[in-house]
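Only one structure is covered here, and it is reproduced in the block below.
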There are 2 protein chains.
Amino acid sequence: MINLTSRQSEIFEFIKKEIEINGYPPTRSEIAKVFGFKSPNAAEDHLKALKKKGVLNIVSGASRGISIVKEDLGIPVIGLVSAGGPILAQENIEKRIPSSQNILSHGVDFYLRVKGDSMIEAGILENDLIAVNKKTQIKKGSIVIARINDEVTVKTLKSISSDLVVLQPENSNYSNIEVNPKTEDLSFEGTCVGLLRDFS
Amino acid sequence: MINLTSRQSEIFEFIKKEIEINGYPPTRSEIAKVFGFKSPNAAEDHLKALKKKGVLNIVSGASRGISIVKEDLGIPVIGLVSAGGPILAQENIEKRIPSSQNILSHGVDFYLRVKGDSMIEAGILENDLIAVNKKTQIKKGSIVIARINDEVTVKTLKSISSDLVVLQPENSNYSNIEVNPKTEDLSFEGTCVGLLRDFS
DNA sequence: ATCATAACTGTAATTATATACAGTATTTAA
DNA sequence: TTAAATACTGTATATAATTACAGTTATGAT
């Protein structure tokens, strides 16, 4: 989306809010009134700009013929992660879940389908969907999505220092994974902020 | 909601669809055109009837001033279940999650907050939200929400016959619960169709 | 220095829309 | 059986709304 000016954002947000509240979009005059414009044409100009920038659809001739262009593809669900590319690469996306359907309190950047049983003692089973937030601060004790030499894994972060990172599976049959970030390729894709299991 | 006539339902569904598709409601003339009315007043009459029956809001004077009355309170989240009443009693409802936010593929009648650790080996932890469907056929092997003498419990249904129901915790520290439905008060509130965990 | 964009005022005309009133015919509930 | 509700036709009109055209002022980019 092309960047909107701050004024255009205000107008855009107002239109979205009106649709949310009233169930239908505002007219030019209603916009003008709220923003103190003395002419409905000021609103018209804004609508044209917003249309040009691709965030609104306007049906000519129709009263209140304004609609929001939704570019929201939804939150991607990542199945198998193919080697050598970013986790969010198109080929990894199994499906998308509309972000309007997000129940979790945290922001969810993507869902990752769990493979294996290494986390069963934390109540994370095979095929569960883990909700991942990319920006949450990685810290000791949290369940992290790590990438070690192109392998994606979900583990509890046990300790972290400049030359040793310890990742702990939550399954007594597995041992801790110790990684030296100086010699191995280690990155964190995000933190687990939720879990979704669908019995189907 | 008062029952709509079949014609009124058609009109109502059309209006909902139009809002979904266009982002704004239809005019009287648009309704009339689609249904083949020769007068926009036929649509006007229908709108008045739908308003009277409480399924539409109409803002007088506003073009396309039609909105859907939403009676959807959302899917209830049940916390502690107080004794002696139905599980869905008002006092048990912790909050509601808009049903539009339901990610799970099955119908979810309510969410139940899990107390205790009796199901941890099935990956169901304390404070998880279990998605419950009331109508799914109760069958051996599924995780059921049972009510024994006014106590609500989540367990795996191990076996079921007319004089013995065995409920199995998924935690080796607990033993099976055996109930005789003839002498004890046993009912099934539903089946677990999903799980939601929010790390917050 | 000039041009495009942004953010408006002001006027005005065409058309889109709501909605009242007067009917008709059929069906449904008291 | 009688009134109310349903489901329309047909006409008409006030007003709601879009939207073009002609300007002004300010700002940032080429």
Side-chain angles (χ1 to χ4, degrees), chain A residues 1-69 71, chain B residues 1-69 71:
Chain A
M1 188 199 296
I2 302 157
N3 284 331
L4 304 182
T5 68
S6 60
R7 198 58 166 157
Q8 286 167 2
S9 285
E10 287 181 60
I11 310 277
F12 185 58
E13 291 305 317
F14 169 72
I15 293 168
K16 284 203 286 187
K17 209 180 72 188
E18 283 291 290
I19 294 172
E20 175 72 26
I21 293 170
N22 299 325
Y24 50 85
T27 64
R28 275 73 167 164
S29 295
E30 286 166 3
I31 297 169
K33 195 178 172 190
V34 167
F35 287 88
F37 304 154
K38 304 220 172 119
S39 164
N41 192 56
E44 175 74 17
D45 283 354
H46 276 295
L47 291 180
K48 279 179 183 154
L50 290 168
K51 184 186 181 167
K52 199 172 172 188
K53 293 195 174 176
V55 298
L56 286 187
N57 280 323
I58 290 165
V59 177
S60 112
S63 70
R64 304 180 191 271
I66 300 168
S67 57
I68 307 294
V69 172
E71 88 291 6
Chain B
M1 189 198 296
I2 302 156
N3 283 333
L4 304 182
T5 68
S6 60
R7 199 58 166 156
Q8 286 166 0
S9 285
E10 286 181 61
I11 310 276
F12 185 58
E13 291 305 318
F14 170 71
I15 292 168
K16 284 204 285 187
K17 210 181 72 188
E18 283 290 292
I19 292 172
E20 175 72 25
I21 293 170
N22 299 325
Y24 51 85
T27 63
R28 275 73 168 164
S29 295
E30 286 166 3
I31 296 169
K33 196 179 171 190
V34 166
F35 286 89
F37 303 156
K38 304 219 172 119
S39 163
N41 191 55
E44 175 73 19
D45 282 353
H46 276 296
L47 291 179
K48 279 179 183 152
L50 290 168
K51 183 185 180 166
K52 199 172 173 187
K53 293 194 174 176
V55 299
L56 286 187
N57 281 323
I58 290 165
V59 177
S60 113
S63 69
R64 303 179 191 273
I66 301 167
S67 57
I68 308 294
V69 172
E71 88 288 10

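Chain letters run A, B, ... following the sequence lines, proteins first, then strands; residues in each count from 1.
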[N] phosphate, OP1 or OP2, under 4.0 Å from [X] side-chain N/O:
X	N	result
A/Ser63	C/dT17	yes
B/Arg28	C/dA18	yes
B/Ser29	C/dA18	no
A/Lys53	C/dT5	no

>> Need two values: the first and the last nucleotide of DNA chain D, 5' to 3', having an atom under 4.0 Å from any heavy-atom of chain A.
In response: D/dA17 to D/dA22
Tell me the interatomic distance from [X], atom [atom1], to [N], atom [atom2], rounded to whole angstroms.
X	N	atom1	atom2	value
B/Phe37	C/dG23	CZ	P	23 Å
A/Asp45	C/dA6	CG	C1'	9 Å
B/Arg64	C/dT19	CZ	P	14 Å
A/Ile11	C/dA7	CD1	C1'	10 Å
A/Leu47	C/dC8	CG	C1'	14 Å
B/Arg7	C/dT26	CZ	P	17 Å

> Under the side-chain contact (heavy atoms from CB on, under 4.5 Å) criterion, do B/Leu56 and B/Ile68 qualify, and how do the steps go?
Replying inline: CA-CA 5 Å; B/Leu56 286 187; B/Ile68 308 294; 3.7 Å; yes
>> At 4.0 Å (heavy atoms only), tell me whether B/Ser39 reaches a base, stays on the sugar-phosphate, or touches nothing.
In response: base
> If you look at every strand shown and take non-hydrogen atoms under 4.0 Å, does A/Ala49 touch a base, only sugar-phosphate, or nothing?
Replying inline: nothing
> Are B/Glu30 and B/Lys33 within salt-bridge range, i.e. N to O under 4.0 Å?
Replying inline: no
>> Strictly below 4.0 Å, N to O, side chains only: are B/Glu13 and B/Lys17 in salt-bridge contact?
In response: no
>> Evaluate B/Phe14 against B/Glu10 for side-chain contact (heavy atoms from CB on, under 4.5 Å), listing each step before the verdict.
In response: CA-CA 6 Å; B/Phe14 170 71; B/Glu10 286 181 61; over 6 Å; no
> Stepwise, does the side-chain contact (heavy atoms from CB on, under 4.5 Å) test hold for B/Tyr24 with A/Ile19?
Replying inline: CA-CA 8 Å; B/Tyr24 51 85; A/Ile19 294 172; over 6 Å; no
> If you find the nucleotide of DNA chain D closest to A/Val59 and the one closest to B/His46, which residue's nucleotide is nearer the 5' end?
Replying inline: B/His46
>> Taking the nucleotide of DNA chain D with the nearest heavy atom to each, does A/Pro26 or A/Asn41 sit closer to the 5' end?
In response: A/Pro26
> Using the benzene-type ring in the case of Trp, are the ring centres of A/Phe35 and A/His46 under 6.0 Å apart?
Replying inline: no
>> What's the closest nucleotide to the side chain of B/Lys48 if the choices are C/dA16, C/dA18, C/dA20?
In response: C/dA20
>> Is any side-chain heavy atom of B/Thr5 closer than 4.5 Å to one of B/Lys53?
In response: yes
